[in-house]
Every structure is written in structure tokens, then in C-alpha cells.
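Nothing here was measured: the structure is a model prediction, and the numbers come from that model.
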Amino acid sequence: MRVQESYSVYPVRAIIVMGVSGCGKSTIGSQLAQRLGHAPFIDADALHPASNVEKMARGEPLADKDRWPWLLRVREEIGKAAQELLAGHDSSLCSARTIVGSRESSSSQRMYVVCGCSSLKRSYREFLSRSDPDTPLEQLTHDTVFVYVDVSKTELLRRLDKRSDHFFNPVLLDSQLETLEPPDTTREAAISVFGEGPTESVVEDVYHRVTSYIAKNSL
């Protein structure tokens with residue numbers, strides 16, 4: 001089904017800012033969260049196990065076997081944040097079953113969780129987008145939309161060369177670019193933005209585009 005024909009009835013939207021290292025996921029994501037009314041922000045880099053951090057610091061690319069447990073933790077943290085938002089809101093919003101049945105989700109009730117996560121492959125994005133299959137309907141809380149931050153390799157290298165406070169070894173950039181599967185915005189719940197302008201301008205562009213997308217794809 002094409003994404004334009006798919007609608008969300010859940011009051012929480014998880015917005016995952018994605019792309020390779022150096023594209024600005026954490027900076028854009030954290031500022032977007034503030035722009036969305038101080039929404040919770042999750043930096044997926046902080047959720048890597050020590051073994052992954054040490055491997056990347058040595059300049060060794062992560063394999064799928066390294067990423068899947070990390071992605072599971074990211075998905076769990078997004079779910080926890082969504083549950084906490086609902087628990088602190090009107091009790092009538094705490095049941096996905098009620099919302100789906102009544103179709104009463106509206107823009108005034110909508111809440112957000114923002115996450116910065118590379119999400120390089122479509123299979124990773126599909127995993128992050130779906131709940132655990134054993135989750136009861138009444139515990140489902142959110143749908144997910146991805147924001148792909150597109151930055152040229154030249155600019156990525158410039159940024160990584162200047163960065164000194166991150167474990168990512170710049171020699172891994174080529175590996176990430178080879179792994180990257182940019183989202184097909186006609187088939188995935190995603191938008192693509194150019195990330196080389198001033199940060200404030202990029203954040204504002206993301207804010208307007210993602211909220212417009214969500215409004216058009218919500219009942």
C-alpha cells in the first residue's frame with residue numbers, strides 16, 4: 001500500500017531523524033523535539049552497547065548481528081517514551097483500542113517522540129516502525145515517520161573531520177554510505193530533507209514538512 005493511502009489513528013507519532021554519521025541527526029532531532037513542544041528526544045547513539053562503541057572507535061563497521069540488539073533497544077525506548085506521554089495525558093487517550101474505535105485522534109491531542117537513529121536499511125526502518133507482535137492492541141501507542149537528512153559526502157567528511165567528541169571513526173563513512181538505503185518516500189512513511197543549510201533553517205523546514213505530512217496522514 002502506498003504511504004499516501006495509509007492513515008494513523010494513534011495520538012503519538014514517533015519521528016525518527018535518520019541518515020549516516022555527520023548528517024546532523026542528533027542536532028536536528030533534539031532541536032525538532034523542542035520545536036514540537038519539548039517532546040522527549042532519544043539519541044540512539046547513546047543506546048549502543050560498549051562492544052559496538054569500541055568496534056566503531058577502532059574503525060570496524062558494524063554488522064547486522066551488532067545492530068539488531070541495538071535496534072531492539074531503540075524500539076523499546078521509543079515505546080516507553082510513548083507510554084509515558086500517554087500515562088501523563090488524559091486517561092481517555094491511554095487506550096489505543098478506544099482511539100481506533102472512536103476515530104477521535106486529532107491534531108490537538110497529538111503527541112510526539114523524536115529519535116535520532118541512523119536507520120540505514122529499509123529492514124531496520126520496518127523493524128523500528130512495528131511493535132512487538134505480542135503487544136496487545138490496547139498497549140499500542142504510536143506510529144512512526146522517518147526524516148532522512150541528505151548531505152553530500154564532501155560536507156559529511158568536513159563535519160566528521162571537525163568532530164572530536166564522538167566515538168564514530170570517520171574511516172567508517174564509506175561503509176555507512178554503502179549500507180545506506182535512502183527511503184522510498186512513495187512506499188515508506190518518510191520525508192527527505194537537504195541538510196546542508198544553517199541548522200535553524202533545516203530544523204524549521206523539517207518541522208513544517210513533518211507536521212504537514214502527519215496532518216495529511218492522520219484521521
Checklist entry - Is there side-chain contact between Asp150 and Glu196, with at least one heavy-atom pair below 4.5 Å? => result no
Next on the checklist: Going by ring pair (Phe, Tyr, Trp, His ring centres under 6.0 Å), name the residues that satisfy it together with Tyr124, two or more places apart in sequence or in a different chain.
Outcome noted: Trp68
Checklist entry - Between atom CD of Glu178 and atom CG of Leu172, what is the distance when rounded to the nearest 0.5 Å? => result 11.0 Å
Checklist entry - How about Val20 and Leu156: do any of their side-chain heavy atoms sit closer than 4.5 Å? => result yes
Next on the checklist: Strictly distance-based, threshold 3.5 Å: is any side-chain N or O of Thr27 a donor or acceptor partner for the main-chain N or O of Gly24?
Outcome noted: no
Item to check | Arg13 to Tyr112, cation-pi by 6.0 Å centre distance and 45° axis angle | outcome: no
Checklist outcome for this item: Residues Pro40 and Ala33: closest non-hydrogen pair is O-CB, 4.4 Å
Checklist entry - Under a 4.0 Å N-O cut-off, is there an ion pair linking Glu155 with Arg159? => result yes
Item to check | Leu120 CG to Leu62 CG distance, which is reported to the nearest 0.5 Å | outcome: 9.5 Å
Item to check | Gap separating the CZ atom of Arg130 from the OG1 atom of Thr144, nearest 0.5 angstrom | outcome: 11.5 Å
Checklist entry - Taking atom types as modelled, is there a side-chain donor on Gln31 or Thr199 under 3.5 Å from an acceptor on the other? => result no
Checklist entry - Cut-off 3.5 Å, side chains only: do Arg67 and Ser118 have a donor facing an acceptor? => result no
Next on the checklist: Donor-acceptor check, side chain of Asp161 to backbone of Leu157, threshold 3.5 angstrom: yes or no?
Outcome noted: no
Item to check | Non-hydrogen atoms of Phe41 and Cys115 that approach each other most closely | outcome: CE1-C, 4.0 Å
Item to check | Minimum side-chain heavy-atom gap Glu204-Arg35 below 4.5 Å | outcome: yes
Item to check | Non-hydrogen atoms of Ile42 and Ala81 that approach each other most closely | outcome: CD1-CB, 4.2 Å
Item to check | Glu76 with Arg73: basic N within carboxylate O range, under 4.0 Å | outcome: no
Checklist entry - Does the side chain of Gln34 come within less than 4.5 Å of Ser30's, by heavy atoms? => result no
Next on the checklist: Working to the nearest 0.5 angstrom, can you tell me the gap between Ile78 CD1 and Cys117 SG?
Outcome noted: 7.0 Å
Checklist entry - How about Ser119 and Phe146: do any of their side-chain heavy atoms sit closer than 4.5 Å? => result yes
Next on the checklist: Test side chain to side chain contact (heavy atoms under 4.5 Å, CB included) on Asp45 and Phe167; report intermediate values, then the result.
Outcome noted: CA-CA 9 Å; Asp45 280 348; Phe167 56 78; 4.2 Å; yes
Item to check | Pair Ser26, Asp43: side-chain N/O donor-acceptor within cut-off below 3.5 Å | outcome: yes
Checklist entry - Is a salt bridge present between Asp184 and Arg122, judged by a nitrogen-to-oxygen distance below 4.0 Å? => result no
Checklist entry - Between the side chain of Asn52 and the main-chain N/O of Pro49, is any donor-acceptor distance below 3.5 Å? => result no
Checklist entry - What pair of heavy atoms forms the shortest contact from Ile191 to Thr185, and how long is it? => result CA-CG2, 4.1 Å
Checklist entry - Do any N or O atoms from the side chain of Lys121 and from the backbone of Leu180 form a donor-acceptor pair under 3.5 angstrom? => result no
Checklist entry - Does the pair Val145 and Tyr213 meet the rule for a side chain to side chain contact (heavy atoms under 4.5 Å, CB included), with working shown? => result CA-CA 9 Å; Val145 60; Tyr213 175 90; 3.6 Å; yes
Checklist entry - Can you tell me how far the SG atom of Cys23 sits from the CZ atom of Phe194, to the nearest 0.5 Å? => result 12.5 Å
Next on the checklist: Do Leu36 and Ile15 make a side-chain contact, defined as non-hydrogen atoms from C-beta onward lying under 4.5 Å apart?
Outcome noted: yes
Checklist entry - Passes side chain to side chain contact (heavy atoms under 4.5 Å, CB included), Met18 versus Val147? Steps please. => result CA-CA 6 Å; Met18 60 158 289; Val147 177; 5.9 Å; no
Checklist entry - Within the side chain of Ser201, is there an N or O that forms a donor-acceptor pair under 3.5 Å with the backbone of Gly197? => result no
Checklist entry - Where do Asp66 and Ser51 land on the side chain to side chain contact (heavy atoms under 4.5 Å, CB included) test, with the steps shown first? => result CA-CA 9 Å; Asp66 303 309; Ser51 57; 5.9 Å; no
Checklist entry - Looking at side-chain heavy atoms only, is the closest gap between Ser21 and Arg163 below 4.5 Å? => result yes
Checklist outcome for this item: Residues Val12 and Ala82: closest non-hydrogen pair is CG1-CB, 3.8 Å
Checklist entry - Does a side-chain heavy-atom distance below 4.5 Å link Leu85 with Val113? => result yes
Next on the checklist: How long is the straight-line distance from CG of Leu128 back to CZ of Arg75, given to the nearest 0.5 Å?
Outcome noted: 7.5 Å
